[in-house]
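Take a look at the structure set out below.
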Amino acid sequence: MKVISTVKDLRETIREAGLCPVGLVPTMGALHSGHISLVINAMNQCPLVVVSIYVNPTQFNDKDDLRNYPRTPDEDKAFLGRYLRAGDILFVPGDEEIYPTPVRKEYNFGNLDNVMEALHRPGHFNGVAMVVNRLFEIVQPDFAFFGQKDFQQLAVIRELALRAGGRPAIVGNPIVRESDGLAMSSRNRLLGPEIRRNAGIIYMTISSASGMWKNRGVDEIREFVRSAIEGVPGFSVEYFEIADDVELKPVSSRSETVKGRKYYGCIAVKAGNIRLIDNIEFPL
Ligand code: PAF
(Lines give C-alpha, C1' and ligand atoms only; values in the text may rest on other atoms or scores of the structure.)
Protein backbone atom coordinates (compact mmCIF):
# COMPACT_ATOMS: atom_id res chain seq x y z
CA MET A 1 0.00 0.00 0.00
CA LYS A 2 1.25 3.48 -0.90
CA VAL A 3 0.40 6.36 1.43
CA ILE A 4 -0.05 9.65 -0.43
CA SER A 5 -1.13 13.04 0.85
CA THR A 6 -1.05 15.39 -2.16
CA VAL A 7 -3.24 15.56 -5.24
CA LYS A 8 -0.16 15.92 -7.46
CA ASP A 9 1.46 12.70 -6.16
CA LEU A 10 -1.83 10.87 -6.30
CA ARG A 11 -2.51 11.82 -9.92
CA GLU A 12 1.02 10.85 -10.93
CA THR A 13 0.87 7.49 -9.14
CA ILE A 14 -2.50 6.61 -10.71
CA ARG A 15 -1.24 7.61 -14.16
CA GLU A 16 1.99 5.63 -13.79
CA ALA A 17 0.10 2.53 -12.58
CA GLY A 18 -1.92 2.61 -15.83
CA LEU A 19 -4.52 0.24 -14.35
CA CYS A 20 -8.21 0.20 -15.10
CA PRO A 21 -10.84 0.22 -13.65
CA VAL A 22 -9.87 2.42 -10.70
CA GLY A 23 -12.01 2.01 -7.56
CA LEU A 24 -12.46 4.70 -4.90
CA VAL A 25 -13.52 4.05 -1.30
CA PRO A 26 -14.07 7.43 0.39
CA THR A 27 -14.02 7.32 4.22
CA MET A 28 -13.61 9.58 7.20
CA GLY A 29 -11.38 7.06 8.97
CA ALA A 30 -11.94 5.36 12.36
CA LEU A 31 -12.17 2.28 10.16
CA HIS A 32 -14.13 -0.85 11.03
CA SER A 33 -15.16 -4.07 9.28
CA GLY A 34 -17.89 -2.23 7.37
CA HIS A 35 -15.19 -0.17 5.64
CA ILE A 36 -13.15 -3.30 4.99
CA SER A 37 -16.12 -4.92 3.23
CA LEU A 38 -16.15 -1.87 0.89
CA VAL A 39 -12.40 -2.23 0.34
CA ILE A 40 -12.67 -5.95 -0.43
CA ASN A 41 -15.55 -5.37 -2.82
CA ALA A 42 -13.51 -2.65 -4.54
CA MET A 43 -10.43 -4.90 -4.77
CA ASN A 44 -12.53 -7.69 -6.30
CA GLN A 45 -13.63 -5.36 -9.09
CA CYS A 46 -10.67 -3.03 -9.57
CA PRO A 47 -6.93 -3.69 -10.01
CA LEU A 48 -6.24 -0.27 -8.49
CA VAL A 49 -8.06 0.88 -5.35
CA VAL A 50 -7.76 4.28 -3.68
CA VAL A 51 -9.04 4.53 -0.09
CA SER A 52 -9.34 8.12 1.09
CA ILE A 53 -9.41 9.21 4.71
CA TYR A 54 -10.54 12.79 5.23
CA VAL A 55 -12.76 14.14 7.99
CA ASN A 56 -14.72 16.60 5.91
CA PRO A 57 -15.56 19.76 7.90
CA THR A 58 -18.19 20.99 5.42
CA GLN A 59 -20.58 18.12 6.17
CA PHE A 60 -20.74 18.76 9.93
CA ASN A 61 -23.50 21.14 10.96
CA ASP A 62 -22.41 20.85 14.60
CA LYS A 63 -18.93 22.02 15.64
CA ASP A 64 -18.82 19.67 18.66
CA ASP A 65 -19.65 16.71 16.44
CA LEU A 66 -16.72 17.61 14.16
CA ARG A 67 -14.38 18.09 17.13
CA ASN A 68 -15.41 14.79 18.74
CA TYR A 69 -15.46 12.72 15.54
CA PRO A 70 -13.11 9.76 16.17
CA ARG A 71 -9.70 10.09 14.54
CA THR A 72 -7.43 7.02 14.63
CA PRO A 73 -4.88 7.57 11.81
CA ASP A 74 -2.24 5.09 12.99
CA GLU A 75 -4.73 2.29 13.64
CA ASP A 76 -6.42 2.99 10.29
CA LYS A 77 -3.15 2.76 8.41
CA ALA A 78 -2.21 -0.52 10.10
CA PHE A 79 -5.71 -1.94 9.54
CA LEU A 80 -5.73 -1.06 5.82
CA GLY A 81 -2.17 -2.34 5.43
CA ARG A 82 -3.50 -5.82 6.22
CA TYR A 83 -5.86 -5.75 3.22
CA LEU A 84 -4.65 -3.40 0.47
CA ARG A 85 -2.27 -4.67 -2.22
CA ALA A 86 1.21 -3.20 -2.78
CA GLY A 87 0.01 -0.91 -5.58
CA ASP A 88 -3.20 0.27 -3.90
CA ILE A 89 -3.27 3.74 -2.39
CA LEU A 90 -4.23 5.24 0.94
CA PHE A 91 -4.94 8.93 0.25
CA VAL A 92 -4.77 11.17 3.33
CA PRO A 93 -5.15 14.75 2.10
CA GLY A 94 -5.15 17.86 4.24
CA ASP A 95 -7.75 20.65 3.93
CA GLU A 96 -5.55 22.55 1.46
CA GLU A 97 -5.65 19.63 -1.01
CA ILE A 98 -9.40 19.12 -0.81
CA TYR A 99 -10.45 22.77 -0.58
CA PRO A 100 -7.62 24.77 -2.22
CA THR A 101 -10.00 27.72 -2.59
CA PRO A 102 -12.67 28.58 -0.02
CA VAL A 103 -15.48 28.50 -2.62
CA ARG A 104 -18.66 26.87 -1.38
CA LYS A 105 -20.68 25.00 -4.01
CA GLU A 106 -24.45 24.96 -3.63
CA TYR A 107 -26.30 21.84 -4.78
CA ASN A 108 -30.01 21.32 -5.13
CA PHE A 109 -31.00 17.69 -4.70
CA GLY A 110 -34.72 18.44 -4.35
CA ASN A 111 -36.56 15.95 -2.15
CA LEU A 112 -33.40 13.94 -1.49
CA ASP A 113 -32.17 16.85 0.60
CA ASN A 114 -35.52 17.75 2.18
CA VAL A 115 -36.41 14.72 4.27
CA MET A 116 -35.13 12.62 7.20
CA GLU A 117 -31.40 13.35 7.77
CA ALA A 118 -31.61 16.65 5.89
CA LEU A 119 -34.24 17.99 8.31
CA HIS A 120 -32.01 17.23 11.28
CA ARG A 121 -28.62 18.07 9.76
CA PRO A 122 -29.08 21.18 7.61
CA GLY A 123 -26.35 21.56 4.99
CA HIS A 124 -24.99 18.05 5.65
CA PHE A 125 -25.59 16.65 2.16
CA ASN A 126 -24.32 19.80 0.49
CA GLY A 127 -21.03 19.22 2.34
CA VAL A 128 -21.03 15.51 1.45
CA ALA A 129 -21.62 16.38 -2.22
CA MET A 130 -18.81 18.96 -2.16
CA VAL A 131 -16.22 16.54 -0.82
CA VAL A 132 -17.33 13.52 -2.85
CA ASN A 133 -17.40 15.61 -6.02
CA ARG A 134 -13.89 16.85 -5.24
CA LEU A 135 -12.65 13.29 -4.61
CA PHE A 136 -14.20 12.19 -7.91
CA GLU A 137 -12.40 15.10 -9.63
CA ILE A 138 -9.07 14.17 -8.04
CA VAL A 139 -9.16 10.36 -8.36
CA GLN A 140 -11.34 10.10 -11.50
CA PRO A 141 -12.47 6.64 -10.46
CA ASP A 142 -14.49 4.24 -12.61
CA PHE A 143 -16.27 2.85 -9.54
CA ALA A 144 -16.93 4.37 -6.10
CA PHE A 145 -18.07 2.32 -3.12
CA PHE A 146 -20.37 3.45 -0.30
CA GLY A 147 -22.21 1.73 2.55
CA GLN A 148 -25.97 1.32 2.51
CA LYS A 149 -26.18 2.31 6.18
CA ASP A 150 -26.05 5.89 4.91
CA PHE A 151 -29.17 5.28 2.85
CA GLN A 152 -29.90 8.93 2.07
CA GLN A 153 -26.23 9.75 1.42
CA LEU A 154 -26.12 6.91 -1.11
CA ALA A 155 -29.16 8.33 -2.95
CA VAL A 156 -27.59 11.82 -3.00
CA ILE A 157 -24.28 10.44 -4.31
CA ARG A 158 -26.04 8.39 -7.00
CA GLU A 159 -27.74 11.61 -8.12
CA LEU A 160 -24.41 13.50 -8.04
CA ALA A 161 -22.78 10.85 -10.26
CA LEU A 162 -25.78 10.79 -12.59
CA ARG A 163 -25.49 14.54 -13.09
CA ALA A 164 -21.80 14.03 -13.94
CA GLY A 165 -22.79 11.71 -16.80
CA GLY A 166 -22.96 8.46 -14.84
CA ARG A 167 -19.28 8.23 -13.95
CA PRO A 168 -18.15 6.85 -11.62
CA ALA A 169 -20.54 3.93 -11.27
CA ILE A 170 -21.78 3.96 -7.67
CA VAL A 171 -21.74 0.66 -5.80
CA GLY A 172 -23.78 0.35 -2.60
CA ASN A 173 -22.57 -2.25 -0.09
CA PRO A 174 -24.85 -4.08 2.36
CA ILE A 175 -24.76 -2.93 5.99
CA VAL A 176 -22.25 -4.83 8.14
CA ARG A 177 -23.53 -5.48 11.67
CA GLU A 178 -22.10 -6.32 15.06
CA SER A 179 -23.20 -9.66 16.58
CA ASP A 180 -26.14 -7.94 18.34
CA GLY A 181 -27.29 -6.36 15.08
CA LEU A 182 -25.93 -2.85 15.69
CA ALA A 183 -24.93 -1.39 12.31
CA MET A 184 -21.18 -0.83 12.23
CA SER A 185 -20.28 2.85 12.42
CA SER A 186 -17.23 4.88 13.33
CA ARG A 187 -19.41 6.56 15.94
CA ASN A 188 -20.05 3.26 17.79
CA ARG A 189 -16.70 3.66 19.55
CA LEU A 190 -18.05 6.84 21.18
CA LEU A 191 -20.90 4.95 22.92
CA GLY A 192 -20.64 4.53 26.68
CA PRO A 193 -20.55 0.86 27.88
CA GLU A 194 -24.16 0.78 29.17
CA ILE A 195 -25.54 2.41 26.02
CA ARG A 196 -23.45 0.09 23.83
CA ARG A 197 -24.77 -2.97 25.70
CA ASN A 198 -28.33 -1.93 24.86
CA ALA A 199 -27.76 -0.59 21.35
CA GLY A 200 -28.88 -3.85 19.68
CA ILE A 201 -32.45 -2.63 20.44
CA ILE A 202 -32.32 -0.44 17.31
CA TYR A 203 -31.88 -3.26 14.81
CA MET A 204 -34.09 -5.64 16.80
CA THR A 205 -36.91 -3.07 16.70
CA ILE A 206 -36.69 -2.12 13.03
CA SER A 207 -36.47 -5.83 12.09
CA SER A 208 -39.71 -6.53 13.98
CA ALA A 209 -41.26 -3.39 12.48
CA SER A 210 -40.52 -4.60 8.94
CA GLY A 211 -42.57 -7.72 9.70
CA MET A 212 -45.53 -5.52 10.78
CA TRP A 213 -45.65 -3.68 7.44
CA LYS A 214 -47.89 -6.32 5.78
CA ASN A 215 -50.86 -5.72 8.05
CA ARG A 216 -50.26 -2.61 10.19
CA GLY A 217 -50.45 1.08 9.40
CA VAL A 218 -47.46 3.40 9.34
CA ASP A 219 -48.61 5.32 12.44
CA GLU A 220 -48.95 2.10 14.42
CA ILE A 221 -45.51 0.94 13.29
CA ARG A 222 -43.97 4.32 14.14
CA GLU A 223 -45.55 4.16 17.60
CA PHE A 224 -44.22 0.62 18.09
CA VAL A 225 -40.70 1.69 17.10
CA ARG A 226 -40.74 4.74 19.33
CA SER A 227 -42.04 2.95 22.41
CA ALA A 228 -39.72 -0.08 22.02
CA ILE A 229 -36.61 2.06 21.66
CA GLU A 230 -37.55 4.79 24.11
CA GLY A 231 -38.35 2.07 26.65
CA VAL A 232 -34.57 1.65 27.00
CA PRO A 233 -33.00 4.31 29.25
CA GLY A 234 -30.83 6.78 27.33
CA PHE A 235 -32.39 6.08 23.91
CA SER A 236 -34.68 8.42 21.98
CA VAL A 237 -35.94 8.30 18.39
CA GLU A 238 -35.22 11.39 16.30
CA TYR A 239 -37.22 10.12 13.32
CA PHE A 240 -38.52 6.90 11.87
CA GLU A 241 -39.80 6.92 8.28
CA ILE A 242 -40.67 4.37 5.63
CA ALA A 243 -39.36 5.73 2.33
CA ASP A 244 -38.59 4.51 -1.18
CA ASP A 245 -35.01 4.13 -2.39
CA VAL A 246 -35.32 6.44 -5.41
CA GLU A 247 -37.03 9.68 -4.34
CA LEU A 248 -36.83 8.92 -0.60
CA LYS A 249 -40.43 10.03 -0.18
CA PRO A 250 -41.71 8.99 3.26
CA VAL A 251 -45.12 7.28 2.97
CA SER A 252 -47.94 7.56 5.48
CA SER A 253 -49.71 4.41 4.29
CA ARG A 254 -49.10 1.36 2.10
CA SER A 255 -51.52 2.74 -0.49
CA GLU A 256 -48.96 5.49 -1.28
CA THR A 257 -46.29 2.98 -2.29
CA VAL A 258 -45.22 2.85 -5.94
CA LYS A 259 -44.93 -0.49 -7.72
CA GLY A 260 -41.38 -1.43 -8.69
CA ARG A 261 -39.76 0.60 -5.91
CA LYS A 262 -38.16 -0.77 -2.77
CA TYR A 263 -39.11 0.61 0.63
CA TYR A 264 -36.89 1.00 3.68
CA GLY A 265 -37.59 1.78 7.30
CA CYS A 266 -35.07 4.51 8.15
CA ILE A 267 -34.28 5.57 11.66
CA ALA A 268 -32.12 8.04 13.57
CA VAL A 269 -31.67 7.46 17.28
CA LYS A 270 -29.95 9.45 19.99
CA ALA A 271 -28.13 6.81 22.04
CA GLY A 272 -26.80 8.69 25.07
CA ASN A 273 -25.37 11.73 23.32
CA ILE A 274 -24.38 9.87 20.13
CA ARG A 275 -26.54 9.95 17.06
CA LEU A 276 -26.91 6.61 15.22
CA ILE A 277 -28.72 5.82 11.97
CA ASP A 278 -29.87 2.53 10.51
CA ASN A 279 -32.29 1.15 7.93
CA ILE A 280 -33.81 -2.10 6.78
CA GLU A 281 -35.89 -3.09 3.78
CA PHE A 282 -39.64 -3.12 4.34
CA PRO A 283 -40.65 -5.63 1.63
CA LEU A 284 -43.98 -4.88 -0.05
O1 PAF B 1 -19.81 8.22 4.71
C2 PAF B 1 -18.77 8.86 4.99
O3 PAF B 1 -17.87 8.38 5.66
C4 PAF B 1 -18.65 10.29 4.49
O5 PAF B 1 -19.87 10.94 4.50
C6 PAF B 1 -17.97 10.40 3.11
C7 PAF B 1 -18.80 9.72 2.03
C8 PAF B 1 -16.59 9.76 3.17
C9 PAF B 1 -17.80 11.86 2.71
O10 PAF B 1 -17.03 12.56 3.64
Side-chain angles (χ1 to χ4, degrees), residues 5 7 10 23-39 41-42 49-63 65-73 75-76 79-80 89-99 104-105 107 109 112-113 116-118 120-139 141 143-164 168-177 183-190 248 266 268 274-279:
S5 60
V7 171
L10 181 72
L24 170 67
V25 182
T27 83
M28 296 206 299
L31 302 178
H32 49 71
S33 306
H35 292 115
I36 296 304
S37 84
L38 296 175
V39 169
N41 195 3
V49 170
V50 178
V51 179
S52 64
I53 297 184
Y54 176 67
V55 181
N56 171 37
T58 65
Q59 72 187 74
F60 286 81
N61 57 315
D62 173 348
K63 285 201 173 65
D65 191 23
L66 173 59
R67 199 176 36 248
N68 296 331
Y69 197 82
R71 290 166 175 85
T72 55
E75 276 174 43
D76 290 347
F79 195 33
L80 277 176
I89 299 170
L90 166 59
F91 181 47
V92 282
D95 293 339
E96 66 292 347
E97 298 290 323
I98 297 292
Y99 297 118
R104 189 178 163 80
K105 280 195 180 175
Y107 292 88
F109 291 109
L112 300 185
D113 197 11
M116 301 192 289
E117 285 300 284
H120 296 269
R121 304 183 71 188
H124 169 65
F125 291 117
N126 204 77
V128 168
M130 276 170 70
V131 75
V132 170
N133 183 60
R134 176 74 179 132
L135 288 166
F136 287 173
E137 234 171 56
I138 296 171
V139 178
F143 292 92
F145 299 79
F146 298 87
Q148 284 169 356
K149 180 177 74 70
D150 295 294
F151 177 78
Q152 195 166 353
Q153 169 173 283
L154 186 57
V156 165
I157 291 170
R158 283 194 199 286
E159 178 62 25
L160 183 74
L162 203 67
R163 289 182 190 178
I170 305 300
V171 184
N173 253 46
I175 298 175
V176 180
R177 298 184 179 280
M184 286 200 183
S185 162
S186 302
R187 293 178 196 275
N188 291 355
R189 62 181 83 203
L190 301 175
L248 267 52
C266 302
I274 304 304
R275 195 170 177 281
L276 300 175
I277 59 171
D278 200 351
N279 66 79

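Since this is a predicted model, take the numbers as computed values, not measurements. Counting starts at 1 for both ligands and their atoms, following the listed order.
From the protein, the heavy atom lying nearest to atom 9 (C) of ligand 1 is Gln59 OE1, 3.3 Å.
Counting atoms of ligand 1 from 1 in the listed order, those under 4.0 Å from a heavy atom of Met28 are 3 (O), 4 (C), 8 (C), 10 (O). The ligand atoms of ligand 1 that sit less than 4.0 angstrom from a heavy atom of Val131 are 9 (C), 10 (O).
Salt-bridge annotation for Asp65 and Arg121: present, with a side-chain N of the basic residue lying under 4.0 Å from a carboxylate O of the acidic one. Residues Glu97 and Arg134 are not paired through a salt bridge, judged by the lack of any N-O separation under 4.0 Å between the basic side chain and the carboxylate.
Below 30°, between 30° and 60°, or above 60°: for Phe145 and Phe143 the angle between ring planes is between 30° and 60°, a tilted geometry.
Ala129 approaches Leu160 most closely through the heavy-atom pair O-CD2, 3.9 Å.
Taking distance alone, with nitrogen or oxygen atoms compared against 3.5 Å, Gln153 approaches ligand 1 more closely than that limit.
Taking only non-hydrogen atoms, the option from Ala30, Gly29, Pro26 nearest to atom 8 (C) of ligand 1 is Pro26.
Looking only at distances, no side-chain donor or acceptor of Ser52 sits under 3.5 Å from a matching main-chain atom of Phe91.
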